[in-house]
Amino acid sequence: KAGVTQTPRYLIKTRGQQVTLSCSPISGHRSVSWYQQTPGQGLQFLFEYFSETQRNKGNFPGRFSGRQFSNSRSEMNVSTLELGDSALYLCASSGGDVVTGNTIYFGEGSWLTVV
Amino acid sequence: GDSVTQMEGPVTLSEEAFLTINCTYTATGYPSLFWYVQYPGEGLQLLLKATKADDKGSNKGFEATYRKETTSFHLEKGSVQVSDSAVYFCALSESRASGGSYIPTFGRGTSLIVHP
């Protein structure tokens, strides 16, 4: 069974640009969540999508947005990039309900560097 | 709200030493508990989990027991290897039935360095 797949793995962007990251969850998983990981702030929750609807949201500015498609694949977008957005962005998937369980599985992450 | 507290790192050990990484939690309901491991340059991997009191999760020689009376889920391994060098995250997740959102709450992570 394939794991969570994230693309691209590495990217460099310039301040002010925007970026889109992609995530394919484990087959059958309907919940996809996104996290930002930095040395200073640790692991921070961005948002979670379940069946194409944003179900939970962390405390990030509106420049951070996401969506989920009918096949459960998800994208997150960061507009007007700032230097502080440089981080490892992690996607995780789970069944997302009481039947399929709440264990989340992470992808390898997308390393974003803003210069 | 929910919270997870892990011991500060880095933890530095010699190969074959005994490992304990402490984790305590605060939760309003009856959470599931997890340990994740992150090797350099990679994402987080699920190491083990426990879903009810007194459950013991185990994997790759690591163990942790869900202790409801002490709200703890300490990670242990009897003999560490250099390849165990990584960052270890303790986490909890509460079900929607108990008022949670399934979104895990993570600790800050504990770095483990194992020397030959």
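By convention in this document, chain letters (A, B, ...) are assigned in the order of the sequence lines, proteins followed by strands, and residues within each chain are numbered from 1. Heavy atoms only: backbone and side chains are in, while hydrogens, waters and symmetry mates are out.
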Are B:Ile21 and B:Tyr66 connected in a single hydrophobic cluster, I mean Ile/Leu/Val/Met/Phe/Trp/Tyr linked by side-chain heavy atoms less than 4.5 Å apart?
yes

Side-chain heavy atoms nearer than 4.5 Å, only ILVMFWY residues, links allowed to pass through others: does that put B:Ile113 and B:Leu75 together?
no

If you count heavy atoms of other groups shown closer than 6.0 angstrom to CD of B:Glu69, is the number above 12?
yes

Tell me whether A:Phe50 is reachable from A:Val32 by hopping between hydrophobic residues (I, L, V, M, F, W, Y) whose side-chain heavy atoms are closer than 4.5 Å.
no

Nearest atoms (heavy-atom pairs only) where B:Glu42 meets A:Leu88
O-CD2, 4.1 Å

Does A:Val4 belong to the same Ile/Leu/Val/Met/Phe/Trp/Tyr cluster as A:Tyr49, with side-chain heavy atoms less than 4.5 Å apart forming each link?
no

Heavy atoms of other groups near A:Arg9 CZ, more than 12 under 6.0 Å:
yes

Is it true that a side-chain atom of B:Arg108 and a backbone atom of A:Gln41 form a donor plus acceptor pair closer than 3.5 Å?
yes

Answer with yes or no after comparing the ring centroid distance for A:Tyr35 and B:Phe106 against a 6.0 Å cut-off, counting only values under it.
yes

Members of residues 105-115 of chain A whose heavy atoms come closer than 4.5 Å to chain B:
A:Tyr105, A:Phe106, A:Gly107, A:Glu108, A:Trp111

Are A:Leu46 and B:Ile103 linked, directly or through other ILVMFWY residues, by side chains that come within less than 4.5 angstrom of each other?
no

Heavy-atom contacts under 4.5 Å, residues 66-76 of chain A to chain B:
none

Which atoms of B:Leu46 are under 4.5 Å from chain A, going by heavy atoms: the side chain, the backbone, both sets, or neither?
side chain

Check whether B:Gln45 gets within reach of chain A through its side chain, its backbone, both or neither, counting any heavy atom under 4.5 Å.
neither

Which atom of B:Gly43 lies closest to which atom of A:Leu90, heavy atoms considered
CA-CD2, 3.8 Å

Would you say that more than 12 heavy atoms from the other residues, nucleotides or ligands in this model lie under 6.0 Å from the NZ of B:Lys52, or not?
no

For B:Glu16, does the CD atom have more than 12 heavy-atom neighbours from other residues, nucleotides or ligands under 6.0 Å away?
no

Part of A:Leu43 lying under 4.5 Å from any heavy atom of chain B
side chain

If every non-hydrogen atom of B:Tyr36 is compared with every non-hydrogen atom of A:Ile104, which pair is closest and at what distance?
OH-O, 2.7 Å

